[in-house]
Enquirer: 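Pasting in a structure now, in structure tokens, and then I'll have a few things to ask.
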Amino acid sequence: MGRGKRVRYYDYDWIKVIATLGVFLYHCSMFFNPFPWHVKNNEVDTNGILVFSLFLGVWLMPLFLGVWLMPLFFAISGISVTYSLNNRSTSNFIKERLVRLGVPLLFGMFILSPPQVYIERVTNYQFSGSFINFIPHYFDGLYLDIGGRGNFAFSGLHLWYLLVLLVYSIISVPLFKTIARRKFRKSLFVLLPFLLFLSGVIETMGIGGWDIIFYFMTFIFGYYFLSSPEFKPALVSSFKWILPIALSTSVIYIVWFMIAFPKENSIQDIIFYAVKTVNCWSWILVIFYLGNKYLTFSNNFLKYTSEASMPFYVLHQPIIVAVGYFIYELSWPIAIKAFVLITTSFILIMLLYHFVIRNVELLRLLFGLKG
């Protein structure tokens, strides 16, 4: 691929912004659903909020994120690498990745994560004392799961995505530079979810609902196939059967999960994983189709929110956990707490971004923004 001016696909920018909002709402739901999290409400919801959480995500220790939400981020990241490498040398690309991903990761690891771990320890009666007293204990062991004993969040808690993406970006450059991108074919709509299913056989480290090998394959697919000019026409012609698959597998997945979660390594478990994989892949395609159909335009709102998405992602969980800490013991109804948690957290994040982060050069660097 020769270098040249990048063609901007605004639908991918819209998808990134909307998906970031989805992560925010998902983490707000974690405060109320029955799954372990850093701080939990004094009353949990096992109905509506649980169904919402299952649609966006799946329960899997040690961390939680979406069945299709995080794979969607990795697919978009693979697509964006296509254009980044097209306009940068390998050394400049790696340098850009280290700055845009590595710096926010370190900032989250040493500044944003300690208060979250402290709140988790206090609300789970694993530590008593002030945050100042807790700081020396932050380096006591590695934080590996919610409710565990280690405190040092080497992955930045919710910022594990930045860590994994940084590793993928660096180790895949030789592959991307030596192997030509392939033409997208309709058969890949069937082949790719099958390959993703096979990746489940390789168990390395599960995080956010999937193994890191699964994320890596999604990232590779984004670079080699989803960025191909032939991808969108093939998607349009195949959408008539992709949407029914997405809807039907969602119903099967949620009902199966809530009624009788399959035993590990059983035949049912293998079938359940296959349903989950097909559901993930089909929803990614549905989202790309809708984006291509309705979101191929730009405006000032998109320009603003597209730049804000990275700081919003970095900042959202610490704010949600902090707000949750101040209301988790109150006797308010869940609906009132949900409204307060969502609106207060969102307003605080946007105020910090609009008036502080985007206007201070050092903070722009720490939150992954260009100078």
Side-chain angles (χ1 to χ4, degrees), residues 23-24 27-28 30-32 35-44 61-65 101-163 207 310-332 337 340-369:
V23 171
F24 167 77
H27 280 148
C28 287
M30 290 299 297
F31 179 69
F32 300 100
F35 306 142
W37 203 51
H38 306 290
V39 59
K40 302 296 296 186
N41 187 36
N42 55 7
E43 179 187 359
V44 298
M61 297 298 289
L63 295 174
F64 311 90
L65 276 182
L101 301 176
V103 172
L105 175 63
L106 291 174
F107 177 68
M109 188 187 307
F110 292 103
I111 303 298
L112 299 179
S113 294
Q116 297 179 78
V117 178
Y118 168 74
I119 289 174
E120 179 184 330
R121 296 291 174 254
V122 169
T123 56
N124 284 279
Y125 307 102
Q126 295 173 300
F127 182 83
S128 61
S130 68
F131 176 65
I132 299 299
N133 294 331
F134 173 77
I135 290 177
H137 297 283
Y138 178 64
F139 300 96
D140 293 347
L142 296 180
Y143 184 103
L144 299 176
D145 53 46
I146 293 175
R149 295 184 178 276
N151 292 330
F152 180 58
F154 64 95
S155 65
L157 298 179
H158 67 297
L159 300 182
W160 65 265
Y161 164 69
L162 302 183
L163 173 61
I207 187 169
M310 181 64 158
F312 190 98
Y313 175 77
V314 172
L315 199 56
H316 82 279
Q317 183 170 294
I319 296 294
I320 294 171
V321 171
V323 174
Y325 177 65
F326 285 103
I327 66 173
Y328 81 104
E329 288 187 319
L330 300 178
S331 58
W332 298 349
K337 282 190 176 180
V340 170
L341 181 65
I342 293 172
T343 55
T344 304
S345 299
F346 185 85
I347 290 172
L348 286 175
I349 295 167
M350 294 310 301
L351 287 176
L352 286 171
Y353 168 73
H354 185 80
F355 291 105
V356 183
I357 295 172
R358 75 188 189 116
N359 296 316
V360 179
E361 191 70 22
L362 176 60
L363 292 179
R364 291 183 67 90
L365 174 66
L366 294 176
F367 283 90
L369 295 176

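Here the structure is a predicted model, which means the values were calculated and not measured. Basis for what follows: all heavy atoms, side chains included, without hydrogens, waters or symmetry-related copies.
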Enquirer: If you measure from CD on Gln116 to CG on Leu157, what distance do you get to the nearest 0.5 Å?
Expert: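 Between Gln116 CD and Leu157 CG, I get 5.0 Å after rounding to 0.5 Å.
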
Enquirer: With rounding to the nearest 0.5 angstrom, report the CG to OG distance, Leu163 to Ser155.
Expert: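 Answer rounded to 0.5 Å: 7.0 Å.
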
Enquirer: Find the distance between CG (Leu112) and CZ (Phe107) and round it off to the nearest 0.5 Å.
Expert: 4.5 Å

Enquirer: Where do Leu341 and Gly324 come nearest, in terms of heavy atoms and distance?
Expert: CD1-N, 3.8 Å

Enquirer: Students often mix this up, so state it plainly: with edges at 30° and 60°, are the rings of Phe110 and Phe152 parallel, tilted or perpendicular?
Expert: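 Taking Phe152 first and then Phe110, their aromatic rings sit tilted (interplane angle of 30° to 60°).
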
Enquirer: Under the ring-ring contact (aromatic ring centres under 6.0 Å, His included) test against His137, which residue among Tyr118, Phe127, Phe131 passes?
Expert: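 It is Phe127, the one option of Tyr118, Phe127, Phe131 that forms the ring-ring contact (aromatic ring centres under 6.0 Å, His included) with His137.
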
Enquirer: Looking at Ile320 and Cys28, what are the two nearest heavy atoms and their distance?
Expert: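 Result for this residue pair: CD1-SG, 3.7 Å.
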
Enquirer: Grab the two heavy atoms, one from Gln126 and one from Gly148, that are nearest each other, plus how far apart they are.
Expert: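 So the two residues come closest at NE2-O, 3.3 Å.
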
Enquirer: Using the rule given for side chain to side chain contact (heavy atoms under 4.5 Å, CB included), can you reason through Leu105 versus Phe154, listing the C-alpha separation, both sets of side-chain angles and the distance that settles it, and then say yes or no?
Expert: CA-CA 9 Å; Leu105 175 63; Phe154 64 95; over 6 Å; no

Enquirer: Would you check, one step at a time, whether the test side chain to side chain contact (heavy atoms under 4.5 Å, CB included) holds for Ile319 with Leu352?
Expert: CA-CA 11 Å; Ile319 296 294; Leu352 286 171; 4.1 Å; yes

Enquirer: Using a 4.5 Å cut-off on heavy atoms from C-beta on, say whether the side chain of Met30 contacts that of Phe35.
Expert: yes

Enquirer: Is any side-chain heavy atom of Phe31 closer than 4.5 Å to a side-chain heavy atom of Val323?
Expert: no

Enquirer: Okay, side chain of Glu329, backbone of Asn42: is any donor-acceptor separation there less than 3.5 Å?
Expert: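 Checking the backbone N and O of Asn42 against the side chain of Glu329, no donor-acceptor pair under 3.5 Å is found.
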
Enquirer: Assign the ring pair His158 / Tyr313 to parallel, tilted or perpendicular, where the plane angle (0 to 90°) is split at 30° and 60°.
Expert: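 Aromatic pair His158/Tyr313 classed tilted.
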
Enquirer: Between CD1 of Ile119 and OH of Tyr328, what distance do you get to the nearest 0.5 Å?
Expert: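 Result: 9.5 Å between the selected atoms.
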
Enquirer: Do Leu162 and Met109 touch side chain to side chain, with heavy atoms closer than 4.5 Å?
Expert: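 A side-chain contact is absent here, since even the closest heavy-atom pair is not under 4.5 Å.
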
Enquirer: Quick one: NE2 on His27 to CH2 on Trp37, what's the gap to the nearest 0.5 Å?
Expert: 6.0 Å

Enquirer: Might you confirm whether atom CZ of Phe326 has over 12 heavy atoms from other residues, nucleotides or ligands at distances under 6.0 Å?
Expert: no

Enquirer: Using side-chain heavy atoms (C-beta onward) and a distance below 4.5 Å, is Leu348 in contact with Leu315?
Expert: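 Sidechains of Leu315 and Leu348: no contact.
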
Enquirer: Would a 4.5 Å heavy-atom cut-off, applied to side chains only, mark Asn151 and Tyr143 as touching?
Expert: no

Enquirer: From Asn41 CG over to Thr123 OG1, what is the distance, rounded to the nearest 0.5 angstrom?
Expert: 11.5 Å

Enquirer: Taking it one step at a time, do Phe312 and Phe346 satisfy ring pair (Phe, Tyr, Trp, His ring centres under 6.0 Å)?
Expert: CA-CA 9 Å; Phe312 190 98; Phe346 185 85; 5.8 Å; yes

Enquirer: Do Glu43 and Lys337 have side-chain heavy atoms sitting under 4.5 Å apart?
Expert: no

Enquirer: What salt bridge (Lys or Arg N to Asp or Glu O under 4.0 Å) pairs are there with at least one residue in residues 120-142, not counting sequence neighbours?
Expert: none

Enquirer: Could you tell me whether the side chain of Tyr161 reaches within less than 4.5 Å of the side chain of Val23, counting heavy atoms only?
Expert: no

Enquirer: Does Tyr353 have any side chain to side chain donor-acceptor pair (under 3.5 Å) partners at least two apart in sequence or in another chain, and if so, which?
Expert: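 Per chain and number, Tyr353 pairs via side chain to side chain donor-acceptor pair (under 3.5 Å) with Glu307.
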
Enquirer: Could you check whether any side-chain heavy atom of Pro114 comes within less than 4.5 Å of a side-chain heavy atom of Ile135, counting everything from C-beta outward?
Expert: no

Enquirer: Mind listing the closest non-hydrogen atom pair of Ile132 and Pro136 along with its distance?
Expert: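 Answer, listing the atom of Ile132 first, then Pro136: O-CD, 3.5 Å.
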
